[in-house]
There are 2 protein chains.
Amino acid sequence: MKKVTIEDVARLAGVSKGTVSAVINEKTTVNSETRKAVLNAIKELQYRPRGSARNLKTTTSENSIGLLIRELDNPFYTAIALGVMGYARNKGYLVLIASSEGNHILEENITKSFSIKDIKGAIIAPVLEGTAEIEHLFRLKMINFPFVLLENVKGIQANVVSIDNIKAMNKAVKYLIDNGHSRIVHFAGPKHASHTYERIDGFRRAYSESLFAFNSDMIVPTGAHLEDGYKKCLEYFHNRNREDFPTAIVCYNDLVALGVMAALLEMKIKIPEEISVVGNDDIPFSRHIPVPLTTIRAPMFELGKKAAEILIRNIESPQPLPIENVVLEAEFVVRKSTKTLLSYPKG
Amino acid sequence: MKKVTIEDVARLAGVSKGTVSAVINEKTTVNSETRKAVLNAIKELQYRPRGSARNLKTTTSENSIGLLIRELDNPFYTAIALGVMGYARNKGYLVLIASSEGNHILEENITKSFSIKDIKGAIIAPVLEGTAEIEHLFRLKMINFPFVLLENVKGIQANVVSIDNIKAMNKAVKYLIDNGHSRIVHFAGPKHASHTYERIDGFRRAYSESLFAFNSDMIVPTGAHLEDGYKKCLEYFHNRNREDFPTAIVCYNDLVALGVMAALLEMKIKIPEEISVVGNDDIPFSRHIPVPLTTIRAPMFELGKKAAEILIRNIESPQPLPIENVVLEAEFVVRKSTKTLLSYPKG
DNA sequence: AAAAATTGTTGAACCGTTTCAATCAATATA
DNA sequence: TATATTGATTGAAACGGTTCAACAATTTTT
């Protein structure tokens, strides 16, 4: 089954290629009889114009950028996407989103696809399995394909926009310690995400700057989803004596915190009376639940916006621009899911 | 500033186009000295190969499909996307997602972009402003670009995969009526979405099939987001006497229901003791909240999967295939946010 | 030393469109 | 009737890569 080209259509309709082209592009110059004949031929042959051939000739080629996120059903990433889209749209760029769902192979395919298609640049939230799996990023550099990373990746010089996870987490844990919490655990995030390690790091530092000793039992590997938090929480409290309960659980993100809250509710453990819960990210839900969640507000929208800004600046610049590394601050938001254990709270 | 082509690179590096091409495509045949020279020239000139020129010649062109959704931060659409992605990936297709955010112009641009890029087909959740704004869909048909719609659109013959909203809503409202609810209101969805009207229709039919009379006050225009439900609910109950309270609120979707619940909570109106609340869609959150939400489970994942299946079948078929119209059934899930008002509940 | 094999490079053909000056036919104008 | 004008169509030249048979230079084998 040979491929159908504009030539075939022209032949069947008894006209020239140029005329067929004119019909497809809805030029007004075509006689309606001819037009009809061409349309028929197109249908008859099931002709579908090849975008690549068209774009090769047409310089106009509308502008678009790619956004590679790690999880589509995570409000953290969709909020970033909204930031990207808002800015990009103002600048006349369309945003095409793909999700690697944490799969490195898929990430490679997607970045490749971005660079092959008529896409001007990309914003990438990389998956970090193993150590050195970044050839695909080097490949992008080789062909001068502009991109911005949403996480630091060791071993590559590139634009990065990220959140100061360490400091943010540090602030939250310090707050808890300062308010008399002595047994805090961290329901940590998925492997292969720099956020996970940075947040653990921040947790650890808060301890090292306190009078208490850090203990690796405090880190409970969990995941990034509501279900992860839910299951891990049930598991964690199963057969645990009340006197061994932590006084606070700091979660990798709000989704996990929501899962933890659901599990605690089920086990009839009161929040914040018995256990305080802290989230991370501040997704829209978090303030609209019965016990509004204390959390660390990540400026997701701004993150996306900033990334888009840098990317588009790079796309539009004739000369190569110096590499940028922007770190945004997160804000600690105290709501109702945490309580102080001091009779005379600090501050 | 003239465009840099492979020719320019070849000239600067003192080699032929073919060699430059070999370097870019990481062929092993290139001498490492030459390779280095070419790489330098690429960097020096900031050369960026054009995808379209490459794809024109290369038949391989990896497979991808487009998915146009209406709201990125709506779990309903992301769940559909996950369904699409799962199936597509098995079949070797990448999914590129774009969101129109309810904007018709943007939708047009996106569909156009899909058809121009090397994308093989698309799944589209259309925005339905006005009546006849579907020329962009006709344009797709003209060039035999395969696509599947996620909602019925009047005036166009196309593949559609949708949910039986009317029946689903009907079932839910009938359940409430059968359980003694006499004053039910519907917090309805956004304009320009067929879901909105279908759900209203289902609501109305349930009444017309009952002993009670439908009344247009029962339909309260709201929106599709948590915030919409929250605000509208506060507004609705503001200055309303307790004896005029509805016995149940049926919401456009779970997000709205969540917002309604948050507002009711704030107003200290008990769910389900004082008012029953019903959602729509069954997003993951809905079962993990203190009062798990009674809702209508839309088979979002299956919806996406089915759409992808039809699309890919069409893409891969040499002949045009008959148009398909698949309607999936939703399931009514009773949880804790509704109660019966009968002393002897039916069933 | 001749023949064969290996390695690296070239350059022309090709991919499938769009573009636009040139042409042609039909009609309006002088 | 000759000349412009208008409307519709043509066809050849791009567009910017990839491909691959052919060739050149070098190395290995006989």
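Note that the structure is a prediction, hence the values are computed from the model and not measured.
At the phosphate of D/dG17, neither OP1 nor OP2 sits under 4.0 Å from any side-chain N or O atom of B/Asn55.
Remark: B/Pro75 pairs with B/Thr78, B/Leu255, B/Ile283 by the side-chain contact (heavy atoms from CB on, under 4.5 Å) rule, at least two apart or across chains. Among residues two or more places apart in sequence or in another chain, the ring-ring contact (aromatic ring centres under 6.0 Å, His included) test is passed with A/Phe76 by A/His195.
Counting only distance, with no hydrogens or angles, the side chain of B/Lys117 and the backbone of A/Ser52 share no donor-acceptor pair below 3.5 Å. In this structure, the side chain of B/Asn314 does not engage the main chain of B/Pro146 through any donor-acceptor pair within 3.5 Å. Checked by atom type and distance alone, the side chain of B/Glu107 pairs as donor or acceptor with a backbone atom of B/Val127 at under 3.5 Å.
Within residues 13-24 of chain A, the residues that place at least one heavy atom under 4.0 Å from DNA chain C are, in residue-number order, A/Lys17, A/Gly18, A/Ser21. Contacts with DNA chain D (heavy atom under 4.0 Å) in residues 30-49 of chain B: B/Tyr47, B/Pro49, listed by number.
In this structure, A/Arg50 places its CZ atom 17 Å from P of C/dC14, rounding to the nearest Å. Between B/Asn25 atom CG and D/dT18 atom P the separation is 5 Å, expressed in whole Å. Between the NZ atom of B/Lys117 and the P atom of C/dT17 there is a distance of 17 Å, given to the nearest Å. One can place CD of B/Glu7 at 9 Å from P of D/dG17, the figure rounded to the nearest angstrom. Atoms NZ (B/Lys57) and P (C/dC15) sit 6 Å apart, rounded to a whole Å. As a whole-Å value, the separation of A/Asp118 CG from D/dC15 C1' is 12 Å. Regarding A/Arg11, its CZ atom lies at a distance of 13 Å from the P atom of D/dG11, rounded to whole Å. In this structure, the CD atom of A/Glu26 is 14 Å from the P atom of C/dT19, given to the nearest Å.
Checked against A/Val148 for a side chain to side chain contact (heavy atoms under 4.5 Å, CB included), the options A/Ile124, A/Ile65, A/Val160, A/Asn159 give a single hit: A/Asn159.
Distance check: A/Ser64 OG to A/Tyr93 OH gives 9.5 Å after rounding to the nearest 0.5 Å. With rounding to the nearest 0.5 angstrom, the CD atom of B/Glu309 is 11.5 Å from the CG atom of B/Asn90.
The nucleotide whose nearest atom lies closest to any side-chain atom of A/Ile6 is, among D/dC15, C/dT17, D/dG17, C/dT17. Nearest to the side chain of A/Thr58, among D/dT9, D/dG17, C/dT19, sits C/dT19.
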Hey, can you pull the donor-acceptor pairs under 3.5 Å for the side chains in residues 33-48 of chain B, sequence neighbours left out?
| residue | atom | partner | partner atom | Å |
| --- | --- | --- | --- | --- |
| B/Gln46 | NE2 | A/Asn144 | OD1 | 3.4 |
| B/Arg48 | NH2 | A/Ile119 | O | 2.7 |

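No side-chain donor from either of B/Thr5 and B/Glu7 sits under 3.5 Å from a side-chain acceptor of the other. In the model, A/Glu151 has no side-chain atom that pairs as donor or acceptor with a side-chain atom of A/Ser162 under 3.5 Å.
Comparing the axis of the opening five pairs of the helix from C/dA1-D/dT30 to C/dA30-D/dT1 with that of the closing five pairs yields an angle of 50°, rounded to 10°.
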